[in-house]
Number of protein chains: 4
Amino acid sequence: MPRTPEANQRIREAQRARILESARIVFARKGMEATIADIATEAQISLGLAYRYFADKEAIFAELIKQMVPEASEGLQSLLEMPGTPGERLYELISGIVGARGKRQALEAHQLLNHALDADAMPEKTRELLSRRYQSLLETMRQLIVEGQATGEIVRGDPDQLVAIMSACLDGLTRWALRDPEQFRTYVPDARIIMRLFQPSRTEMSNFEAP
Amino acid sequence: MPRTPEANQRIREAQRARILESARIVFARKGMEATIADIATEAQISLGLAYRYFADKEAIFAELIKQMVPEASEGLQSLLEMPGTPGERLYELISGIVGARGKRQALEAHQLLNHALDADAMPEKTRELLSRRYQSLLETMRQLIVEGQATGEIVRGDPDQLVAIMSACLDGLTRWALRDPEQFRTYVPDARIIMRLFQPSRTEMSNFEAP
Amino acid sequence: MPRTPEANQRIREAQRARILESARIVFARKGMEATIADIATEAQISLGLAYRYFADKEAIFAELIKQMVPEASEGLQSLLEMPGTPGERLYELISGIVGARGKRQALEAHQLLNHALDADAMPEKTRELLSRRYQSLLETMRQLIVEGQATGEIVRGDPDQLVAIMSACLDGLTRWALRDPEQFRTYVPDARIIMRLFQPSRTEMSNFEAP
Amino acid sequence: MPRTPEANQRIREAQRARILESARIVFARKGMEATIADIATEAQISLGLAYRYFADKEAIFAELIKQMVPEASEGLQSLLEMPGTPGERLYELISGIVGARGKRQALEAHQLLNHALDADAMPEKTRELLSRRYQSLLETMRQLIVEGQATGEIVRGDPDQLVAIMSACLDGLTRWALRDPEQFRTYVPDARIIMRLFQPSRTEMSNFEAP
DNA sequence: TATGAATGAGTATTCATTCAT
DNA sequence: TATGAATGAATACTCATTCAT
């Protein structure tokens with residue numbers, strides 16, 4: 001007596017989700033060394049079954065990323081339309097990102113992205129996807145910066161450069177959180193401090209001019 | 001007639017250097033996946049020969065790190081005794097680090113360090129060495145911050161937190177430089193911008209307060 | 001439809017036995033030089049599969065020994081409680097051992113034990129096991145000797161020395177059987193002859209005294 | 001200024017002897033795992049030089065055996081012509097062999113022979129040589145046995161069988177001495193005990209008959 | 001004659017992937 | 001759909017042997 005197609009469909013989806021969840025855990029624990037066998041064991045399914053759901057290891061990895069990135073960037077659009085000064089909204093953005101760094105899921109997601117960006121063997125499609133998501137975050141940030149510069153709230157200068165530096169800084173914070181979550185939580189990186197990168201300088205810092 | 005011991009010595013040193021140089025290139029290109037065979041190929045020697053010079057893959061890696069880290073941290077002490085205000089000297093430090101990011105060698109070194117910190121299988125000794133070097137950089141920075149806070153040049157607040165955030169930021173910049181050196185050089189990250197993280201705020205940024 | 005767990009269990013056991021049997025043959029033929037590849041070839045399985053059943057070469061070897069040694073020493077206890085004079089029972093023991101030397105399996109087992117005792121790289125556990133089994137054989141022999149000396153059936157003298165010499169002799173016979181089974185079977189070493197080592201001397205051998 | 005041919009000749013011979021001596025030591029220490037590099041190191045010569053004196057590892061091994069076997073069997077002939085009863089001379093032979101077992105050199109020699117007999121890769125010539133030397137020992141023994149049987153000093157029975165069993169016993173004693181020289185020396189195997197293998201039995205051992 | 005650097009073929013071991021059931 | 005046994009292609013590492021000096 002065959003299962004109904006609907007039941008099959010449900011089973012497939014559940015299994016697929018389960019494999020991905022296990023992969024997330026295992027990749028976070030073992031890094032790229034993680035084995036298909038590890039994932040299958042974690043998911044409590046057979047080794048072979050994983051291959052009925054994903055063509056190969058790469059595919060699991062790619063799907064995992066596809067799922068994670070949206071989580072990381074969702075709600076971006078809303079920031080542009082929120083009330084408040086550009087600076088305030090930028091603060092929201094930054095502090096949201098920094099705050100998320102304390103959370104396991106977000107860290108695992110970022111860990112994965114790091115691996116993904118390092119791996120030479122990343123399929124072009126995944127790489128593009130990643131890139132596109134990331135770009136949208138940067139564009140949101142850029143737009144807020146431009147607006148903030150107009151109001152004088154944000155320091156003058158090439159917005160792209162500001163975006164680049166800020167994103168580098170956020171990236172570094174994430175790596176920190178990944179490497180030593182304990183310490184990270186102790187120092188609770190304060191979004192206000194990070195925002196200083198955008199802060200119009202007055203006078204006394206002028207003596208930092210390069211010679 | 002045998003080679004003179006001196007000639008042999010020269011050969012050994014040259015080959016050793018060559019292997020390390022090749023390893024540097026290959027590790028930077030492929031990360032920890034890099035194969036001894038890759039290194040041997042790059043060095044244009046036979047696979048077996050690599051083992052006459054290094055006990056195993058780990059040994060090559062460890063030696064590489066040992067060689068690279070000093071380069072990255074040398075001159076640290078001098079900064080503490082240089083003339084100039086603490087802020088000026090901090091600027092020197094930061095701008096030195098950021099400036100080095102444009103250079104291939106320094107980037108490869110950092111790539112290696114990243115791999116090293118990720119790798120679970122890092123021998124304790126190497127890990128410690130790394131850690132110690134890094135600590136000395138952070139301590140230098142911390143001392144300059146404390147001095148700068150005394151003179152009012154540097155923003156008030158927990159120096160450890162400031163150090164942590166700055167180092168995260170520098171780390172992020174390095175990763176950026178590694179990922180896309182082209183773009184990195186285009187935006188020439190300006191040490192003055194980064195120094196803003198330490199800049200005493202005035203008044204107008206106060207509206208970034210968290211709700 | 002998956003195989004039933006029982007079927008899998010059967011397969012695993014069969015393969016395991018097959019690998020061990022092949023290892024037995026190959027080790028006997030080639031000694032410790034034997035290769036995992038040799039074993040896999042003999043067992044007509046892939047090289048990799050051997051590793052699903054045994055962690056490494058050492059493990060195969062150890063298991064083989066564990067299996068073989070009991071065969072060699074079983075029935076020892078019963079000898080102590082059998083009826084008959086101590087000399088008769090000793091004769092049973094010796095002739096049992098010598099008789100077994102004509103059989104392929106027993107010879108291969110002994111070959112293995114020899115290799116095992118030679119090999120420096122023998123895991124302590126296996127070595128101990130071997131040692132313990134062997135000791136129990138020797139102790140049985142010793143006890144029978146002591147009893148036989150009490151009845152005058154066995155020559156006087158240090159029982160330990162008698163045990164040592166007899167076991168050396170049996171070892172030598174085994175090596176002979178291994179080296180040239182053909183010849184061994186031709187000369188059918190007679191347990192009665194070997195028993196002479198225990199025979200109380202009368203008078204005429206006294207002229208063999210060392211000067 | 002070239003050396004005289006005679007000087008060269010002397011050097012060659014000295015080196016050759018040195019290599020062989022080192023090989024003896026190293027083989028005894030490490031067994032067949034011993035490396036050409038080990039031998040060269042022990043002989044304090046370069047790795048390459050060994051190959052100017054011996055075609056390959058096998059050749060060193062074979063030569064070593066060629067040298068050692070005569071040492072082990074020399075003086076055999078003289079035994080046949082010595083005064084004394086056959087039994088006495090047999091005793092001399094056996095006790096000479098057993099006595100030698102306490103000496104390092106003889107043990108190393110035997111160790112080597114064991115390896116040689118095990119090794120599949122022994123060249124036919126070496127194997128033959130070994131065999132021939134060994135045969136001459138056995139023949140000497142056989143002759144003495146036959147003589148002794150004529151005088152009634154030695155037990156009746158197939159002389160070849162007696163030889164075989166005795167040689168097996170001696171082989172076993174040697175292995176014992178090799179495995180645990182300490183213990184061996186403690187129990188000082190007594191040639192008189194071993195000679196019992198040849199002792200004409202009286203009456204009481206008759207109950208050892210196989211059923 | 002002497003040296004030791006260099007080579008290359010061989011061996012153990014791991015893991016993604018396939019396949020019979 | 002589900003299982004896990006089986007495969008084979010890496011990859012690290014060793015060592016006898018050759019060769020330039």
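In the text below, chain A, chain B and the rest are named by the order of the sequence lines, each starting its count at 1.
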Using atom [atom1] of [X] as one end and atom [atom2] of [N] as the other, report the distance to the nearest whole Å.
X: I60(C); N: dA12(E); atom1: CD1; atom2: P; value: 10 Å
X: I39(A); N: dC15(E); atom1: CD1; atom2: P; value: 13 Å
X: R16(B); N: dG4(E); atom1: CZ; atom2: P; value: 18 Å
X: Q44(A); N: dG4(F); atom1: CD; atom2: P; value: 12 Å
X: E33(D); N: dT11(E); atom1: CD; atom2: C1'; value: 13 Å
X: K30(C); N: dG10(E); atom1: NZ; atom2: P; value: 12 Å
X: R10(C); N: dA5(F); atom1: CZ; atom2: C1'; value: 14 Å
X: D38(C); N: dA12(E); atom1: CG; atom2: C1'; value: 12 Å

Which one, [options], comes nearest to the side chain of [X]?
X: Y51(C); options: dT13(E), dT17(F), dA6(E); result: dT13(E)
X: L47(A); options: dA5(F), dA2(F), dA5(E); result: dA5(F)
X: K57(B); options: dC13(F), dA6(E), dT13(E); result: dC13(F)
X: Y53(B); options: dG4(E), dA5(E), dA16(F); result: dA5(E)
X: N8(C); options: dA2(E), dG4(F), dA6(F); result: dG4(F)

Pairwise 5' ranking along DNA chain F for T35(D) and A34(B), keeping only the more 5' one: A34(B)
Of L49(B) and G48(C), whose closest DNA chain F nucleotide lies nearer the 5' terminus? G48(C)
Any carboxylate oxygen within less than 4.0 angstrom of a Lys/Arg side-chain nitrogen, looking at E21(A) and R24(A)? yes
Comparing R52(B) and A55(C) on DNA chain E - which has the more 5′ nearest nucleotide: R52(B)
Using heavy atoms to find the nearest nucleotide of DNA chain E for D56(C) and R12(B) separately, return the residue whose nucleotide is more 5′. R12(B)
Do any side-chain nitrogens or oxygens of Q15(B) fall under 4.0 Å of OP1 or OP2 in dA6(E)? yes
Watson-Crick or G-U wobble partner for dT11(E), using a 3.5 Å limit on both distances? dA12(F)
When both hydrogen-bonding distances must be under 3.5 Å and the geometry is Watson-Crick or G-U wobble, what is dA2(E) paired with, if anything? dT21(F)
Sub-4.5 Å side-chain heavy-atom contact between T41(A) and T35(A): no
Sugar-phosphate, base or nothing in reach of F54(C), heavy atoms under 4.0 Å: nothing
Which of these passes side-chain hydrogen bond (donor to acceptor under 3.5 Å, both in side chains) with E13(A): Q9(A), R16(A), R10(A)? Q9(A)
Going through the distances and angles, do R52(B) and Q15(B) end up as a side-chain hydrogen bond (donor to acceptor under 3.5 Å, both in side chains)? CA-CA 10 Å; R52(B) 272 187 65 78; Q15(B) 290 288 46; over 6 Å; no
Donor-acceptor pair, K30(C) side chain versus I25(C) backbone, under 3.5 Å? no
Quick one: CG on L20(A) to CZ on F61(A), what's the gap to the nearest 0.5 Å? 12.0 Å
